[in-house]
**Q** 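I am attaching a structure below and will ask some questions about it afterwards.
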Amino acid sequence: MTAELARVAGPVGVAGLGVLFLAPARTHRLAGLIAWALAALTLAVYLKPHGHTAVLAAAAVAGLVLAAVGAVLLLRWPWLLALAALACVPARIPVTVGSTEANLLIPLYAVVAAAALTFGWQLVQGDARARELGPIALPLAAFVGWTGLSLAWTQDLRQGAIELLAFYLPFGLLAIALARLAWRRTWVLVLAGELVLMALIFAVVGVEQWITRDIFWNPKLLVGNTYAPFYRVNSLFWDPSIYGRFLVVAMLAALVVALWTLSLRIVLAAAAAIAVMGIGLLFSFSQSSFVALAVGVLVAAAFAWRGRALLLVGVVAGVFVIAAIASPNVLHHKGGLNRVTSGRSKLVTNGIKLALHHPVIGVGIGGFKHGYAKQQHLRSKEPKAAASHDTPITVAAETGIPGLALLAWLFVAGILLALRRVGPALAGRAALVFGLVLTAIGVHSLFYNAFFEDPMVWAALGLAALTSRQHKRPQSPQLDRQVEPERQQDQRVDGRKPQRTGERDVERLPEHG
């Protein structure tokens, strides 16, 4: 019975999320939020481990209390949402309940729950804001809606339910909650400082791990390092690639600061921070992170230097070729592309075949491993060797050609939303950072399937939408000079004192007969 409810809850939940993205009416959005919450609750009940009912109930009550406290704080200081969400990005908590083991973003889920309560309270109080995500609201609603709908036919209901409950539903709400914030210069600078400071701490921890040969959290990585020709570190993250990707995002943010400032002191500080983070990135030995960094640097240079960036493109391309040839995988492995890429070449090829065999609707969200095993006639339904390493191929295999097309639409819309607003002002530089985040993680996801599983992607979409509202075209000075005498004349007729142009209060037009 719970399985059937879960298949229904997935589409209902993403439909509620779509209403939050698109609906203009406050009552409709409140209904969408309720549908989102009920669907999440249903999926949680379906996925909960057997036994330990009292412990799970107590944890749920404690979570609600914590979320309520968080909602009170967010109503008082809304930008705490962005700061808290960023602080929780690396915090995957190992959880063991019964026979179920997982690494969950539990602190971030608590932040999202607080944001949901805040959102609901504002709607009840009459908040009439709508379409905060702007141009990306429709493509995001379409992609999330189609992906959630595929839970109805997925070949792996449990994994699909995990994908929706752990990533799409909470992070979708996080995106819209961040887009609802009011632009505050001070808070934006604090958020940038937090990002760089966290990355510096992680880099120092990673270097210390490499020196002491002491790995945290991940015993599989420790075993892998025993037999590998190089020693990878994960800092305070679970996976070295996710650690490297976080450093790349912070390095690109620091690079934007260095490129768009006239202060030598700030340039030197940003350069020093990038150097420290670069050393930490080196010991992650994440090739996908280095590729993402190279692409991000090229995009930033293209905006900063225009035509002169072509020279940098050539230099970076040469460095990339040399690094690829000198990489540990190439030096220590012989026997073809599949061995050089640690088996990923074969996975990509078979993933494309899986997508071609299910071109219309795919195998359903979360069904990649199951469909892969069935196609390759593997014994286990979820073999470890069937893990996907490419987001577009995974999307194509799980949601078919429609899902892949919607993914392309969403990615292009998100990039355009951010990069079309680039400028010398703080809002323009912030827009470039958000565009670089989407670009870097998008490139990274070509080699490591974790695009929509990364909360920074959803946060970048929400904050890019927030930033775009800072770039409204001002009224031309000539038109202002034409309107001002008429305004003053109308105000004299109405018996009121003339107001200065640009005052914050909305003009009250006189009523004539």
Side-chain angles (χ1 to χ4, degrees), residues 2-3 5-7 9-14 16-17 20 35-49 56 59-60 63 66-67 84-86 88-116 140 143-151 154 156-177 217-218 237-239 241-242 245-246 364-370 382 387-388 391 394-395 398-399 441 445 448-459 461-462:
T2 55
L5 289 176
R7 287 193 183 275
V12 170
V14 295
L17 201 56
L20 292 176
W36 172 89
L38 291 177
L41 179 60
T42 302
L43 292 176
V45 171
Y46 167 69
L47 292 171
K48 73 177 182 65
L56 293 174
L66 183 62
L86 177 59
C88 294
V89 165
R92 290 184 177 268
I93 308 299
V95 177
T96 302
V97 182
S99 59
T100 302
E101 296 183 1
N103 297 284
L104 302 178
L105 290 162
I106 293 178
L108 183 56
Y109 299 148
V111 173
V112 172
L140 185 58
F143 176 80
V144 172
W146 177 250
T147 302
L149 183 62
S150 71
L151 189 69
T154 182
D156 191 339
L157 178 60
R158 186 172 187 83
Q159 186 60 37
I162 291 174
E163 291 285 328
L164 283 181
L165 181 62
F167 307 117
Y168 286 86
L169 292 181
F171 297 164
L173 188 85
L174 177 64
I176 194 171
W217 318 122
N218 194 339
F237 293 76
W238 175 259
D239 190 275
S241 293
I242 300 299
R245 182 162 65 185
F246 188 94
I365 182 174
F368 185 91
K369 282 187 177 182
H370 187 93
E382 294 186 5
S388 175
T391 293
T394 303
V395 170
E398 293 186 348
T399 59
I441 298 181
S445 69
Y448 190 96
N449 177 34
F451 186 75
F452 293 103
E453 291 77 7
D454 194 331
M456 289 192 293
V457 169
W458 302 82
L461 290 174

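Starting from 1, each residue takes its place in the sequence as its number. Just the heavy atoms: all of them, side chains too, but no hydrogens, waters or symmetry mates, feed the values below.
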**Q** Between Asp156 and Gly367, which heavy-atom pair has the shortest distance, and what is it?
**A**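 Closest approach of Asp156 to Gly367: CB-CA, 4.0 Å.
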**Q** Quick check: closest heavy atoms across Ala450 and Asp454, and the distance to 0.1 Å?
**A**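 Looking at all heavy atoms of both residues, the shortest contact is O-CB, 3.6 Å.
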**Q** Quick one: pull up OG1 in Thr154 and CD in Glu398 and give me the separation to the nearest 0.5 Å.
**A**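 So the gap between those two atoms works out to 7.0 Å.
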**Q** Closest approach of Ala113 and Ala67, non-hydrogen atoms and distance?
**A**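 Between these two residues, the closest heavy atoms are CB-CB, 3.7 Å.
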**Q** Supply the atom-to-atom distance Leu5 CG to Leu43 CG, rounded to the nearest 0.5 angstrom.
**A**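 CG of Leu43 is found 10.0 Å from CG of Leu5.
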**Q** Rounded to the nearest 0.5 Å, how far does CD of Glu453 lie from CD1 of Ile441?
**A**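 Between atom CD1 of Ile441 and atom CD of Glu453 there are 11.5 Å.
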**Q** Nearest 0.5 Å, what's the CG-OG1 distance between Leu149 and Thr399?
**A**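 Between Leu149 CG and Thr399 OG1, I get 11.0 Å after rounding to 0.5 Å.
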**Q** Could you state the interatomic distance from CG (Leu47) to CG (Leu157), rounded to the nearest 0.5 Å?
**A**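 Between atom CG of Leu47 and atom CG of Leu157 there are 8.0 Å.
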**Q** Answer whether the closest heavy-atom distance between the side chains of Pro455 and Leu108 falls below 4.5 Å.
**A**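 Touching, per the 4.5 Å side-chain cut-off.
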**Q** Can a donor-acceptor pair be found, under 3.5 Å and without considering hydrogens, that links the side chain of Trp238 to the backbone of Asn218?
**A**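 No; zero donor-acceptor contacts below 3.5 Å.
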**Q** Using a 3.5 Å distance criterion without hydrogens, assess whether the side chain of Trp458 forms a donor-acceptor pair with backbone atoms of Phe452.
**A**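 Pair found, side chain donor or acceptor close to backbone of Phe452.
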**Q** For residues Tyr168 and Ile365, determine if any side-chain heavy atom of one lies less than 4.5 Å from a side-chain heavy atom of the other.
**A**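 Heavy-atom side-chain distance check passes, below 4.5 Å.
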**Q** Is there a side-chain contact between Leu173 and Leu169, using heavy atoms and a 4.5 Å cut-off?
**A**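 In short, these two side chains do not touch, never coming nearer than 4.5 Å.
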**Q** Under 4.5 Å between any side-chain heavy atoms of Met456 and Phe246, yes or no?
**A**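 SC-SC contact between Met456 and Phe246 confirmed.
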**Q** So which heavy atom on Leu151 is nearest to which on Gly10, and how close?
**A**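 Minimum heavy-atom separation between Leu151 and Gly10: CD2-CA, 3.6 Å.
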**Q** Considering all heavy atoms of both residues, which atom of Leu66 and which atom of Ala110 are nearest to each other, and what is their separation?
**A**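 So the minimum-distance heavy-atom pair works out to CD2-CB, 4.2 Å.
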**Q** Measure the shortest side-chain to side-chain distance between Thr394 and Phe451 over non-hydrogen atoms and say whether it is less than 4.5 angstrom.
**A**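 Counting from C-beta outward, Thr394 and Phe451 never come under 4.5 Å.
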**Q** Let me see the working for Tyr448 and Thr391 under side-chain contact (heavy atoms from CB on, under 4.5 Å), right down to the final yes or no.
**A** CA-CA 7 Å; Tyr448 190 96; Thr391 293; over 6 Å; no
**Q** Sub-3.5 Å donor-acceptor pair from the side chain of Trp36 to the main-chain atoms of Val14, do we have one?
**A**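 Such a contact is absent between Trp36 side chain and Val14 backbone.
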**Q** Does Tyr109 use its side chain to pair, donor to acceptor, with the backbone of Ala166 at less than 3.5 Å?
**A**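 Pair found, side chain donor or acceptor close to backbone of Ala166.
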**Q** Treating Arg92 as the side-chain partner and Phe237 as the backbone partner, does any N or O pair qualify as donor plus acceptor under 3.5 Å?
**A**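 No, because the side chain of Arg92 does not come within donor-acceptor range (under 3.5 Å) of the backbone of Phe237.
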**Q** For the residue pair Ala35 and Gly16, what are the closest heavy atoms and their distance?
**A**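 For Ala35 and Gly16, the tightest heavy-atom pair comes out as CB-CA, 4.2 Å.
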**Q** Out of curiosity, Leu104 CG to Ile162 CD1, how far, rounded to the nearest 0.5 Å?
**A**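 Leu104 atom CG to Ile162 atom CD1 measures 9.0 Å (nearest 0.5 Å).
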